[in-house]
Every structure is written in structure tokens, then in C-alpha cells.
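Single-structure report; data block below.
One-based numbering along the sequence shown. As the structure is a prediction and not an experimental result, all values here were calculated from the model.
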Amino acid sequence: MAARIPLDRIRNIGISAHIDSGKTTLTERVLFYTGRIHKIHEVRGKDGVGAKMDSMDLEREKGITIQSAATYCVWNGSQTQLQAHNINIIDTPGHVDFTIEVERALRVLDGAILVLDSGKGVQSQSITVDKQMKRYRVPRIAFVNKMDNPGANYERVSAMLKEKLGHHSVTIQLPMGAEHEFKGIIDPIVGKAFYFDGDDGEKIREEDVPAEYADAAKAAREKIITDVSDVDDVLAEKFINEEPISVEDIRAAIRRATLALKMTPVMCGSAIKNKGVQLLLDGVVHYLPNPTEVVNEAHDQTKGEEKVVVESDAKKPFVGLAFKLQQDKYGQLTYFRVYQGSVSAGDTIFNTSNEMRKVRVPRMFRMHSDDREEIPTAEAGDIVAFYGVEASSGETFTDGKVNVTLTSMHVPAAVISLAVAPKDRSTEVNFSKALNRFTKEDPTFRVHQDEESQQTIISGMGELHLDIYMERMKREYSCEVIAGQPQVAYRESITKHAEIAYTHKKQTGGSGQYAKIAGYMEPLPPDAIEAYEFVDDITGGAIPKEFIPSCDKGFRESVKKGQLIGFPVVGIRVAVNDGAAHAVDSSEMAFKTAAIMGFREAYAKAGPTILEPVMKVEIDAPTEFQGSVVGQVNQRRGMILETTAGDTVSIVAEVPLNEMFGYSTDLRSATQGKGTFTMEFSRYAIVPRQEQEEMTKKYREKLAAEAKK
């Protein structure tokens with residue numbers, strides 16, 4: 001086995017972007033130039049092979065990435081001065097329906113490449129991915145891809161990073177030409193021009209900067225120094241004192257500022273035309289962190305969840321996070337990021353998220369998409385997969401010497417539901433097996449049984465998300481599924497303050513029940529993160545301390561199902577500030593009942609309203625169809641936020657999810673099949689009054705019909 005590459009030469013990176021920006025194509029080139037694959041296959045290749053990182057048949061057919069795929073490679077630098085670096089890569093989906101794949105990848109990565117389309121710049125999903133990167137404090141390099149495409153504009157994309165995402169973006173390269181004239185890249189830091197020769201751009205030719213670009217390259221170097229000096233004191237001091245500034249000085253300053261999340265280096269190229277990828281890999285080595293430069297926090301379970309830092313040190317006790325599950329023909333693969341210590345095949349490890357349940361690690365692999373290479377030991381900084389280790393996404397494992405849990409990933413709420421059932425009764429066992437497996441693999445895919453209709457309901461992030469899972473049931477489990485009408489995840493809320501006052505009295509033989517509560521409910525501010533807030537304002541022991549949690553329990557039960565259409569109540573603050581208890585007749589049950597009944601009465605007076613999920617929709621279509629596209633958006637109760645016109649028109653709008661069903665067919669017919677769109681959840685908004693009345697009436701009729709049965 002080859003000698004292990006030291007920790008400071010390991011990079012764990014993710015490649016993220018808006019759908020169709022060229023992430024998988026870029027990863028394919030990275031694998032080719034690092035010698036991991038020996039032939040390039042395109043995402044929608046005519047050879048029928050498809051990209052290495054799209055290993056599912058469905059991914060190859062649709063030309064999109066559905067599951068994030070992990071791989072690793074060793075990079076020796078585009079020129080010989082770099083030592084060998086081990087780069088672990090996770091290629092993530094761009095489609096918002098598979099956002100959890102991006103979420104969990106960013107949770108375990110140290111750095112990222114944000115890929116942007118040179119013509120379209122920052123798109124809706126770029127904004128979402130950027131939010132996720134900010135949530136996990138992931139330093140990033142922006143790579144402006146497709147420099148050979150019509151409308152390519154490197155400077156404009158860098159400016160969009162500033163305007164739309166608030167980045168301090170610094171262009172650290174200078175493209176030679178753009179669109180069909182894009183022929184190479186100048187690195188102003190070293191003052192050299194790079195050309196990419198050979199059939200696959202594998203031969204890098206380094207030359208002096210051509211005369212026509214000499215002034216631009218000089219100006220670009222000065223601009224890099226001034227822009228980086230704004231966010232790095234060391235370089236600023238040299239700049240102010242007019243000291244000579246070397247290549248190493250600039251690179252060290254860019255690295256410091258990028259790691260401190262104070263700037264984003266912007267690089268460019270064309271993955272499909274094999275230009276600029278090797279320089280991007282150099283950039284990953286120069287500017288993105290190694291595992292020791294990232295602060296990973298955990299909660300110590302033995303000290304009341306006190307925060308502790310998990311160090312990237314192979315000699316310390318083992319700590320790892322299971323961040324992704326995948327089933328293949330041999331069994332369950334659990335993807336792990338090793339944060340501290342080391343683990344070997346045959347070791348016993350403990351699941352600290354699940355009461356220190358112990359499991360043995362039978363075998364361990366380094367993954368290369370769907371290929372694997374068995375390894376005996378993994379150390380801090382590694383991303384590996386274990387076979388036969390039962391876990392759920394986001395669980396922490398240790399060697400038992402420490403009891404800590406790492407913070408899990410953010411899981412967004414589902415926005416769409418479908419009632420599903422197997423077409424053939426004989427496939428019911430496979431149907432439940434598939435649902436079981438998919439819910440373990442994907443925390444955004446949820447399954448529950450509807451109490452009233454006894455139907456199986458699946459919920460997810462969008463139509464495509466649920467379609468893919470139904471298709472996978474058919475392919476992987478030979479179970480065809482019939483689906484009902486999509487159901488939007490509505491919510492209920494209140495619009496004004498209302499007082500709560502309720503006394504619960506019940507006298508039966510023996511001790512009775514008595515509880516009196518008083519308080520209020522009010523809407524939470526629109527930007528509140530919590531959906532429900534409980535406030536204990538009791539003074540002087542009007543309600544004994546032991547009964548306060550029962551009031552909270554009663555209110556929590558009440559918000560599960562609103563009275564208008566039976567959907568959960570959100571954005572509500574409930575407080576208790578007075579009450580009374582009886583020495584004998586009061587109990588936890590009595591106070592819980594009083595809270596439920598008090599909530600019910602006050603809710604009716606608090607201006608209850610229905611909320612619907614509103615989606616942010618981005619539509620791209622040829623300019624001649626702009627009128628009909630705008631007309632369609634208006635018909636669907638949409639509000640246009642932004643229109644950018646060029647060769648194609650890009651429209652950003654907010655449209656209620658309920659109006660988006662069947663939109664893809666309408667858009668295709670209105671644009672001769674040339675229009676495309678993406679959508680993601682934006683916010684909840686109040687449903688128009690007329691529709692609310694109709695929905696409430698239907699819900700009452702349904703309840704009345706059920707009561708008659």
C-alpha cells in the first residue's frame with residue numbers, strides 16, 4: 001500500500017451549483033487529469049456510458065445528478081512544483097428537489113467549488129447552495145464555467161457574486177478571449193499564460209503573456225493585490241509600505257482571507273472544452289483548507305452538551321459522522337467522515353446518537369463513485385464507507401472513550417405529498433421494504449399513514465423528487481406504484497392577539513379534575529425561525545411548577561392540527577400568565593386538557609388564516625416567447641420579481657405551489673419545447689380569502705361525512 005499522504009496535503013471538497021452548470025462534467029475532467037479515469041465520458045454522452053459520477057441508470061437517462069457521489073484522487077500539480085495532494089471530492093446534485101444531498105455533503109466537507117455558468121451567472125439554485133455553504137461556514141472558490149458559450153462574461157459573473165450573494169469576489173485569472181474565441185488563461189499572480197493542448201487538454205503549455213494582454217495582465221495583478229489587501233492585513237501592510245510582493249505573499253494572503261470567509265477567489269475555464277481545470281485543482285491546493293484548518297465542534301454528552309472541539313488528530317479517540325446511506329447489491333453502505341482518531345476493520349464502535357449502541361466495523365472502503373477499494377484503516381480527515389454498519393443519516397460514532405455528538409445537518413421541511421399504493425397486492429412486501437430504505441437514506445423523504453383514509457402518504461421536496469422514488473421502486477424493487485393527486489403542505493396561522501381563559505372541571509366518583517389557565521396567543525414575527533413558542537409568565541405559583549410542562553404539552557398537541565383545514569399551526573406564540581390549581585383534583589392530565597380546550601376557544605378569536613407554500617421559480621426561454629411565459633405566470637397567481645433578457649429571457653417569479661402542477665407541459669407547449677424552469681420553496685403566504693372559504697367549507701363537509709359513517 002502507498003505511503004499515506006499527510007493531513008496538511010488532504011483536501012475534502014464538494015462541487016455544487018445550479019442545475020446544468022457543468023458540475024459533473026467538471027468532476028469527470030478532474031478524475032481524468034488526476035489519472036483516476038483513463039477516458040472522458042460526457043453526461044449526456046452518445047457512447048451510452050455516461051459520466052463516471054452518475055452511476056445510477058436514472059441519472060444517465062435524465063442527464064442529471066440525483067445522489068451525491070464520493071471519489072478521491074491524487075493531484076501532483078499542473079507544474080511540478082506542487083507535492084502530491086489527496087483530494088476527496090463529492091459531486092452533488094444541482095436540482096433543488098435533491099437539496100438534502102447538497103446539505104449533507106457540505107456538512108462533512110472542508111471546502112467547496114461553487115460552479116457558475118458564464119452566461120447566466122448567479123441563478124436561483126446558486127443562491128440556495130451559497131446559503132448552505134454559509135450555514136456550515138465552508139470556504140469556497142467560484143469557478144466560472146462554460147467560458148466558450150455565447151454570452152460568456154467572466155467579470156459580470158464576478159460582479160453578480162458581489163451583488164446577489166454579498167461575496168468579496170476577487171478575479172484571480174484573466175481569460176484570453178471568450179465564447180468561441182476562448183483560447184487560454186493568464187495567471188496574473190505568476191505572470192504566465194496557459195494553453196491546454198492535446199485531444200483532451202491534458203498537455204499544459206506555459207508561455208509568456210502575449211503582448212496584446214501585457215497591460216491587462218499587469219493591471220489585473222495590481223487589482224488582485226488591492227482587492228486582497230482590503231481583507232488581509234499582512235498583505236495590506238506590504239502594499240502600503242510599497243514593499244516588493246512575491247507570488248507566495250499573494251497566495252498566502254488569498255488563502256488566509258478565503259479560509260476566514262472574507263473573500264471568494266474567482267477562477268474560470270471550460271470543463272467541456274478541457275480548459276482551466278488543472279489550474280482550478282492548483283487553486284484547490286493553494287486556497288482551500290486541509291482538515292486541521294477547520295474547527296469542528298461537538299457536544300459532550302457527559303457534560304450537559306457542553307461544546308468541545310474535535311481535532312483532526314489520528315492519535316486521539318475516534319469520532320466520525322455517518323452522513324449518507326446507500327444500498328447496493330451487497331448490503332448497506334454507510335458513508336463516514338472521520339473527524340478525529342482512526343478506525344480499522346474489525347474495530348467495535350459506539351453510536352452516541354443512539355444510547356451508545358455498539359457495532360462492529362466488518363469492512364471499510366474508499367469510494368470512487370460506485371467502485372470501491374478496500375482499506376484496512378481510516379484516519380482523521382478521511383471520507384470512507386463502511387459495510388454492514390447500521391446507522392441513520394447524521395449519527396455520531398466514537399470508539400467509546402468519549403461520548404460526544406457532532407451537530408447534525410439541517411433538514412428542510414417537505415412541501416408536497418402524494419398518496420401511493422402498490423399496483424399489485426403481491427408486491428406489498430417490496431413496497432414497504434423500499435419505503436423503509438428510502439426514508440433511512442433520505443431525511444427529506446417522509447412516509448406516514450393517513451389516520452382517516454388509511455392511505456400511505458409520501459412527502460418530499462417536489463414532484464421530481466417523488467417521481468424519482470416511485471421510478472426507483474419500480475426498477476429496484478419490481479413494484480409498480482399508483483399515485484393519487486399531489487397534496488400541497490398547507491399550514492394554518494393566526495393574525496392577531498387573543499386572550500386564553502379556560503377552567504376545566506370534572507367531577508366523577510372519587511377525585512375529580514380541576515385546572516384553570518389564563519394567558520394569550522399571538523402571531524410570531526414573520527422572520528421567526530421557530531414555528532411554535534411557549535412562554536411561562538406565571539408568577540407567585542398561581543400554577544404549580546410541575547403542571548407548566550403539561551400546559552406546553554396541551555398547546556403542542558393543539559398546533560398539530562388547526563381548525564380551519566386540519567393542517568399544522570405555525571408562527572404562533574402561546575403564553576400562560578395566570579391560573580389556579582386544586583390541592584386534590586389538579587393533575588397533569590387536567591392541565592393538558594385545559595390547555596387544549598383554552599387553545600381551541602382562543603384560536604377562533606385570533607383571526608385564523610390558511611398559509612400556502614410559495615415557490616421561487618426561475619424560467620429560461622427564448623426571448624420571442626417572453627409574452628406567453630409572463631402570461632402563464634400571471635395566470636397561475638404568480639408575481640414576477642426579476643426579468644433578464646439577452647439571447648434568452650430569464651424570469652424569476654414567486655408562484656403558489658398549488659398552481660405549479662402540470663406547469664412543465666404548459667411551458668413546453670408555449671415555447672415549442674425550448675423553455676426550462678427550476679423551482680424551490682421560498683416562503684409561506686396567506687391564501688386569498690375566497691379560496692380560504694372554499695377550502696374551509698370542503699374540510700367541514702369532509703368532517704361531517706366522516707361523522708355520519
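In this structure, Leu31 CG and Ile89 CD1 are separated by 5.5 Å, a value rounded to the nearest 0.5 Å. In this structure, Ser126 OG and Leu161 CG are separated by 8.5 Å, a value rounded to the nearest 0.5 Å. Between the OG atom in Ser342 and the CZ atom in Phe318 there is a gap of 8.5 Å [rounded to 0.5 Å]. Interatomic distance, Glu202 CD to Arg29 CZ, rounded to the nearest 0.5 Å: 11.5 Å. Expressed to the nearest 0.5 Å, how far CG of Asp382 lies from CZ of Arg366 amounts to 5.0 Å. In this structure, the separation between CG on Leu279 and NE2 on His286 is 9.5 Å, given to the nearest 0.5 Å.
Side chains of Asp347 and Arg360 form no contact here, defined as non-hydrogen atoms less than 4.5 Å apart. Met364 is not listed as a side-chain neighbour of Glu374, based on a closest heavy-atom distance of 4.5 Å or more. The shortest distance between side-chain heavy atoms of Ile10 and His85 does not fall below 4.5 Å. Contact annotation: the side chain of Thr396 never approaches that of His299 to less than 4.5 Å [non-hydrogen atoms, C-beta and beyond]. Taking the side chain as every heavy atom from C-beta outward, Ile349 and Phe386 approach each other to under 4.5 Å. Counting only heavy atoms from C-beta outward, the side chains of Val108 and Tyr339 approach each other to under 4.5 Å. Residues Ile204 and Phe196 are in side-chain contact: their nearest non-hydrogen atoms beyond the backbone lie under 4.5 Å apart. Taking 4.5 Å as the limit, every side-chain heavy atom of Met147 sits out of range of all side-chain heavy atoms of Lys275.
Tested against Met267 for a side chain to side chain contact (heavy atoms under 4.5 Å, CB included), the candidates Asn145, Val284, Ile172 yield a single pass: Ile172. Of the options Arg357, Lys358, Lys401, a side chain to side chain contact (heavy atoms under 4.5 Å, CB included) to Phe350 is made by Lys358 and by none of the others.
Donor-acceptor pairing under 3.5 Å is recorded for the side chains of Trp75 and Asp282. Ser169 and Ser158 are linked by a side-chain donor-acceptor pair at a separation below 3.5 angstrom, with hydrogens and angles left out of the test.
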Show your reasoning for whether ring pair (Phe, Tyr, Trp, His ring centres under 6.0 Å) applies to Phe336 and Phe323. CA-CA 6 Å; Phe336 266 83; Phe323 69 93; 8.3 Å; no
Between Lys307 and Asp300, is a salt bridge (Lys or Arg N to Asp or Glu O under 4.0 Å) present by the stated rule, with each step listed? CA-CA 6 Å; Lys307 278 189 180 176; Asp300 192 332; over 6 Å; no
Stepwise side chain to side chain donor-acceptor pair (under 3.5 Å) check, Arg11 with Asn88: CA-CA 6 Å; Arg11 300 287 182 274; Asn88 292 314; over 6 Å; no
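In the displayed structure, Lys162 atom NZ is contacted under 6.0 Å by more than 12 heavy atoms of other residues, nucleotides or ligands. Applying the 6.0 Å contact sphere to CD of Glu207 captures more than 12 heavy atoms from other residues, nucleotides or ligands. Other residues, nucleotides and ligands place no more than 12 heavy atoms under 6.0 Å from the NZ atom of Lys218.
Taking both residues in full, the closest heavy atoms of Ser229 and Ala236 are given as O-CB, 3.4 Å, listed atom of the first, atom of the second, then distance. Asp232 and Leu235 get closest at one heavy-atom pair: OD2-N, 3.0 Å. When all heavy atoms of Cys268 and Gln173 are compared, the closest pair comes out as N-OE1, 2.8 Å. Contact detail for Pro175 and Tyr154: the closest heavy-atom pair is CD-CD2, 3.4 Å. Between Ile113 and Met133 the shortest heavy-atom distance is O-CE, 4.4 Å. Closest of all the heavy-atom pairs between Ala84 and Asn76 is CB-OD1, 3.2 Å.
A salt bridge links Arg337 with Asp110: at least one charged nitrogen is closer than 4.0 Å to a carboxylate oxygen.
In terms of modelled atom types and a separation under 3.5 Å, the side chain of Gln278 and the main chain of Gly201 share a donor-acceptor contact. Judged purely by atom type and a 3.5 angstrom limit, Arg137 has no side-chain atom pairing as donor or acceptor with the backbone of Arg135. Between the side chain of Thr352 and the backbone N or O of Val404, at least one donor-acceptor pair lies under 3.5 Å. Between the Ser16 side chain and the Val129 main chain, no donor and acceptor come within less than 3.5 Å of each other. Between the side chain of Gln340 and the backbone N or O of Pro317, at least one donor-acceptor pair lies under 3.5 Å.
Remark: Arg255 fails to qualify as a cation-pi partner of Tyr287 under the 6.0 Å distance and 45° angle criteria applied to the six-membered ring.
Checked against side chain to side chain donor-acceptor pair (under 3.5 Å), Thr292 has the following partners two or more places apart in sequence or in another chain: Asn290. Qualifying side chain to side chain donor-acceptor pair (under 3.5 Å) partners for Lys262, counting only residues two or more places apart in sequence or in other chains: none.
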Which side-chain N or O atoms in residues 183-192 pair as donor and acceptor under 3.5 Å with protein atoms at least two apart or in another chain?
{"unit_1": "Asp187", "atom_1": "OD1", "unit_2": "Ile189", "atom_2": "N", "d": "2.9"}
{"unit_1": "Lys192", "atom_1": "NZ", "unit_2": "Asp208", "atom_2": "OD1", "d": "3.0"}

